[in-house]
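Read through the structure below, which is laid out as structure tokens, and then see the notes.
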Amino acid sequence: MSQLTVYNSLTRKKEVFKSIIPNRAGMYVCGPTVSGESHLGHARPFITFDIIYRYLRHLGYKVRYVRNITDAGHFEEEGREAEDKISKKAVLEKLEPMELVQKYTNLFHWAMRAFNNLDPDIEPTATGHIVEQIGMIEKIIVDGYAYEANGSVYFDVEKYNRDFAPKGMPYGILSGRVLEDMLETTRELDNQEEKRNKADFALWKNAPPEHIMRWASPWGEGFPGWHIECSAMSTKYLGREFDIHGGGMDLQFPHHECEIAQSAVCNHHIPARYWLHNNMITINGKKMGKSYNNVIKLTELFSGSHPALEQGYSPMVIRFFILQTHYRSTLDFSNEALKAAERGLKRLWEGYENLKKLPDSNNGTQAANTDAALNEKVTSLLAGFDEFMDDDFNTAKVMANMFELVPVINGIKDKHIAEDALSTATLAALKGKMKTFMEDIFGLMDEQESKDGKLDSVLQLLITIRKDARNKRDYITSDKIRNELATIGIQIKDEKDGNMSYTIG
RNA sequence: GGUCCUGUGGCCGAGUGACUAGGCAGAGCUCUGCAAAAGCUCGUACAGCGGUUUGAAUCCGCUCGGGACCUCCA
């Protein structure tokens with residue numbers, strides 16, 4: 001039995017995963033900012049960490065998965081005037097800030113469900129933890145690592161680094177930056193007067209009079225800086241030190257770096273042992289992101305209503321698409337790639353459906369035709385499932401093995417391969433493992449419209465009529481049924497034994 | 001400018017120094033009334049140049065190309 005190894009951004013190498021408390025794991029993943037609709041790029045971390053969550057559970061860990069909702073606007077600090085994304089948008093859309101936040105939270109949850117992502121165990125909101133954030137800021141001030149200026153509070157990065165670098169927690173430990181270098185880089189930043197040092201970051205921001213989202217604090221009315229919410233909420237729900245902290249690579253700096261500094265002051269620990277970062281989704285080689293104006297929203301992606309899309313792509317196709325690549329590689333979006341994923345998923349899922357229909361045992365004709373080489377091949381492909389997942393969640397390699405099993409399954413179904421070529425035990429292992437990995441770990445599911453009920457009865461009737469027609473060599477009628485159904489999007493498949501099946505969509 | 005990543009067959013992509021991942025598309029064949037589906041077979045790719053090595057897509061150097069972060073960002 002191999003051990004789970006994960007690539008830790010903190011140490012920049014793969015390490016054996018060992019949880020702080022045996023058989024329990026705490027995982028914090030940075031969630032969405034609900035000031036707008038999620039796009040394809042956002043889907044990646046949530047699907048990636050859903051797989052990680054599912055796999056840890058599969059390994060027997062009792063996992064506490066915390067994923068926050070950022071519903072208190074944080075600054076766009078490059079702006080001349082500090083502005084709050086959520087407040088600004090709320091004014092634009094003529095909504096109460098919380099109304100706006102609710103709208104996009106609901107939409108986010110809808111998308112997560114469509115992707116078949118499991119719900120996190122705790123999904124805390126920034127606005128629900130103002131008290132904790134203020135408490136943490138106060139502690140940082142008392143310890144001397146933050147200062148107040150005009151109703152705002154800033155973290156003193158230079159002082160922090162001076163004191164914590166000797167303790168093995170320099171500012172830049174996660175992103176591999178050297179503070180001195182950062183201070184040297186000449187970069188024009190506005191709104192810097194209040195900061196003692198340009199590397200300092202806001203813990204609390206004074207709210208100008210017109211600002212709608214505001215809370216009372218020891219420093220006047222204002223709202224929290226972005227980084228502090230994750231520190232406050234991860235500490236509250238996972239403790240001073242927990243196992244996994246996840247998010248997109250673009251959060252590594254400054255967001256996660258700042259979290260480490262804040263938590264180090266308050267908790268004397270780097271908050272998480274393992275820092276996992278997923279890579280970006282690109283489009284035409286460029287990162288998909290608001291600033292590049294190249295995002296495809298999830299609603300657009302599903303429906304196909306975006307100029308860059310030739311068609312809509314279902315949530316499962318997106319999920320499959322993401323799983324086909326290792327999470328630390330960039331993944332380039334294109335219609336060709338998505339269409340290939342769509343067909344690939346169809347083939348894989350149908351193979352899996354066929355597997356489920358194979359009889360469990362071969363009527364006691366034990367070992368008559370058992371093909372030793374084939375059994376071995378199947379067993380070894382199945383063993384690869386665990387091996388590859390243990391190697392930093394290499395879903396792409398698991399997927400490749402699954403695809404290698406498909407011809408075996410279809411071969412048995414179509415009788416190219418003897419029914420009893422696989423031993424009862426191997427077949428059982430195949431069925432069990434495929435179910436576990438396809439459904440429980442990869443979270444794939446059937447998106448076809450229900451085969452139950454009246455639609456199925458109607459289709460079975462059409463199939464019966466078509467069979468009769470074929471038996472009578474009335475190919476005009478049989479082809480008409482097949483072709484008309486195809487137009488509607490229902491595919492009739494003639495099978496070896498004269499049976500017919502159908503797939504929708 | 002600083003730090004780092006990356007360049008694989010028509011396309012997408014995995015790759016731990018020797019054992020030619022996988023998917024999509026394409027070609028041929030089998031099955032089939034026809035078609036689809038399915039099965040079988042086929043394509044020997046690793047940006048370029050040099051080096052290390054018995055052996056390099058994989059390690060090192062240089063060149064060229066692409067990208068990320070350094071500012072909000074998944």
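Source: prediction; values computed, not measured. Convention: sequence-line order gives letters A, B, ...; per-chain numbering from 1. As a basis for the values below, the full set of heavy atoms in this structure was taken, side chains included, without hydrogen atoms, waters or symmetry mates.
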Checklist entry - Using atom C1' of each nucleotide, how far apart are B:rA45 and B:rG13 to the nearest Å? => result 13 Å

Checklist entry - If you look at every strand shown and take non-hydrogen atoms under 4.0 Å, does A:Asp479 touch a base, only sugar-phosphate, or nothing? => result base

Checklist entry - Base, sugar-phosphate alone, or nothing: which one does A:Gly41 contact when heavy atoms must sit under 4.0 Å apart? => result base

Next on the checklist: Using a heavy-atom cut-off of 4.0 Å across all strands, would you classify A:Thr325 as base, sugar-phosphate, or nothing?
Outcome noted: sugar-phosphate

Next on the checklist: Rounding to an integer number of angstrom, what distance separates B:rC60 and B:rC24 when you compare their P atoms?
Outcome noted: 35 Å

Checklist outcome for this item: Testing B:rA74, B:rC12, B:rU16 for proximity to the side chain of A:Lys397, the answer is B:rU16

Next on the checklist: Applying a 4.0 Å non-hydrogen cut-off, can you work out what A:Ser175 is touching in the nucleic acid: base, sugar-phosphate, or nothing?
Outcome noted: nothing

Checklist entry - Reckon A:Asn278 touches a base, only the sugar-phosphate, or nothing at all at heavy-atom distances under 4.0 Å? => result base

Checklist outcome for this item: Out of B:rG67, B:rG13, B:rA14, minimum distance to the side chain of A:Asn394 belongs to B:rA14

Item to check | B:rC70 to B:rG61 separation - C1' atoms, rounded to the nearest Å | outcome: 27 Å

Next on the checklist: What's the closest nucleotide to the side chain of A:Glu336 if the choices are B:rU16, B:rC11, B:rC69?
Outcome noted: B:rC11

Next on the checklist: Distance check needed: B:rC70 P versus A:Leu179 CG, whole Å only.
Outcome noted: 16 Å

Next on the checklist: Please give the distance between the P atoms of B:rG33 and B:rA25 as a whole number of Å.
Outcome noted: 25 Å

Checklist entry - Parallel, tilted or perpendicular: which fits the ring planes of A:Tyr171 and A:Phe253, with parallel below 30° and perpendicular above 60°? => result perpendicular

Checklist entry - Is the A:Tyr55 ring parallel, tilted or perpendicular to the A:Phe393 ring (thresholds 30°, 60°)? => result perpendicular

Next on the checklist: What's the separation between atom CG in A:Asp392 and atom CD in A:Glu15, rounded to the nearest 0.5 Å?
Outcome noted: 11.0 Å

Checklist entry - Ignoring hydrogens and angles, are the base of B:rG13 and the side chain of A:Asp332 linked by a donor-acceptor pair under 3.5 Å? => result no

Checklist entry - If the P atom of B:rU20 is compared with that of B:rA57, how far apart are they to the nearest Å? => result 13 Å

Checklist entry - With rounding to whole Å, what would you report as the distance between B:rG26 and B:rG10 at their P atoms? => result 16 Å

Checklist entry - Of the candidate nucleotides B:rA74, B:rG23, B:rC72, which contains the atom at the shortest distance from the side chain of A:Gln324? => result B:rG23

Checklist entry - A:Glu342 near the nucleic acid: base, sugar-phosphate alone, or nothing, with a heavy-atom cut-off under 4.0 Å? => result nothing

Next on the checklist: The test is salt bridge (Lys or Arg N to Asp or Glu O under 4.0 Å); show your working for A:Glu158 and A:Arg196 and say whether it passes.
Outcome noted: CA-CA 9 Å; A:Glu158 207 169 18; A:Arg196 289 183 192 163; over 6 Å; no

Checklist outcome for this item: note: A:Asn499, atom CG; B:rA38, atom P; distance rounded to Å ~ 18 Å

Checklist entry - Among the nucleotides B:rC70, B:rA74, B:rG22, which one has an atom lying closest to any side-chain atom of A:His42? => result B:rA74

Checklist entry - Separation of A:Phe253 atom CZ from B:rC4 atom P, in whole Å? => result 15 Å

Checklist entry - Contact class for A:Lys339 vs. all strands (heavy atom < 4.0 Å): base, sugar-phosphate, or nothing? => result nothing

Checklist entry - Would you say the side-chain atoms of A:Thr477 and A:Asp479 include a donor-acceptor pair closer than 3.5 Å? => result no

Checklist outcome for this item: Testing B:rA74, B:rG39, B:rA14 for proximity to the side chain of A:Asp250, the answer is B:rA74

Checklist entry - Strictly by modelled atom types, are A:Arg44 and A:Asn279 linked by a side-chain donor-acceptor pair under 3.5 Å? => result no

Checklist entry - Dot-bracket for RNA chain B, 5' to 3', counting Watson-Crick or G-U wobble pairs under 3.5 Å, with [ ] for crossing pairs and | for inter-strand pairs? => result (((((((..(((.........))).(((((.......)))))....(((((.......))))))))))))....

Next on the checklist: Tell me whether the NZ or CZ atom of A:Arg347 lies within the 45° cone about the ring axis of A:Phe403 and under 6.0 Å from its centre.
Outcome noted: no

Item to check | A:Lys493 side-chain proximity, nearest of B:rA37, B:rG39, B:rA14 | outcome: B:rA37

Checklist outcome for this item: From CZ of A:Phe442 across to P of B:rG22 the rounded distance in Å is 16 Å

Checklist entry - What do you reckon, do A:Phe403 and the base of B:rG23 stack, with centroid distance below 5.5 Å and planes below 30°? => result no

Checklist entry - Of the candidate nucleotides B:rA74, B:rC69, B:rA21, which contains the atom at the shortest distance from the side chain of A:Met280? => result B:rA74

Checklist entry - Under 4.0 Å between a side-chain N or O of A:Lys198 and OP1 or OP2 of B:rC70? => result no

Checklist entry - Which nucleotide sits closest to the side chain of A:Tyr292: B:rG33, B:rC70, B:rA68? => result B:rA68

Checklist entry - Aromatic rings A:Tyr65 and A:Tyr53: how do their planes relate, parallel, tilted or perpendicular, breaks at 30° and 60°? => result tilted

Below 3.5 Å is the cut-off: list the nitrogen or oxygen pairs between protein and nucleotides 25-32 of chain B, distance only.
unit_1	atom_1	unit_2	atom_2	d
B:rA25	OP1	A:Arg343	NH1	3.4
B:rC31	O2'	A:Lys496	NZ	3.0

Next on the checklist: Quick check on B:rG39: is either OP1 or OP2 less than 4.0 Å from any side-chain nitrogen or oxygen of A:Arg347?
Outcome noted: yes

Checklist entry - Does a nitrogen or oxygen in the side chain of A:Lys286 sit under 4.0 Å from OP1 or OP2 of B:rG67? => result yes

Checklist entry - Do A:Phe302 and A:Trp110 have ring centroids that are under 6.0 Å from one another? => result yes

Next on the checklist: Could you go through A:His245 and A:Tyr274, starting from their C-alpha distance and side-chain angles, then the distance that decides it, and tell me whether this counts as ring-ring contact (aromatic ring centres under 6.0 Å, His included)?
Outcome noted: CA-CA 6 Å; A:His245 194 307; A:Tyr274 304 93; over 10 Å; no

Checklist entry - With rounding to whole Å, what would you report as the distance between B:rG9 and B:rA14 at their P atoms? => result 13 Å

Checklist outcome for this item: When A:Gly176 and A:Arg466 are each assigned the nearest nucleotide of RNA chain B, the 5'-most assignment goes to A:Gly176

Item to check | Selection from B:rA74, B:rC40, B:rC70 that lies nearest to any side-chain heavy atom of A:Met288 | outcome: B:rA74

Next on the checklist: Taking the six-membered ring of A:Tyr7 as reference, does the cationic atom of A:Arg328 (NZ for Lys, CZ for Arg) lie under 6.0 Å from its centre and within 45° of its axis?
Outcome noted: yes

Checklist entry - Under 4.0 Å between a side-chain N or O of A:Asn279 and OP1 or OP2 of B:rC5? => result no

Next on the checklist: Please classify the nucleic acid contact of A:Tyr475 as base, sugar-phosphate, or nothing, using heavy-atom distances under 4.0 Å.
Outcome noted: base

Checklist entry - Taking for each residue the nucleotide of RNA chain B bearing the nearest heavy atom, is the 5' side occupied by A:Thr330 or by A:His255? => result A:Thr330

Item to check | Distance-only side-chain donor-acceptor flag, A:His277 / A:His256, under 3.5 Å | outcome: yes

Next on the checklist: For a quick check of understanding: with a heavy-atom distance under 4.0 Å over all strands, which category does A:Ile281 fall into, base, sugar-phosphate or nothing?
Outcome noted: base

Item to check | Side chain A:Arg482 and base B:rC34 donor-acceptor under 3.5 Å | outcome: yes

Item to check | Phosphate OP1/OP2 of B:rA14 contacted by A:Ser329 side-chain N/O (<4.0 Å) | outcome: yes

Next on the checklist: As an exercise, state the distance from CE of A:Met169 to OH of A:Tyr160, rounded to the nearest 0.5 Å.
Outcome noted: 6.0 Å

Checklist entry - Got a sec, which residues hit side chain to side chain contact (heavy atoms under 4.5 Å, CB included) with A:Ser38, two or more places apart in sequence or on another chain? => result A:His42, A:Phe108, A:Leu298

Next on the checklist: Would you measure the distance from the P atom in B:rA74 across to the matching atom in B:rU16 and give it in whole Å?
Outcome noted: 30 Å

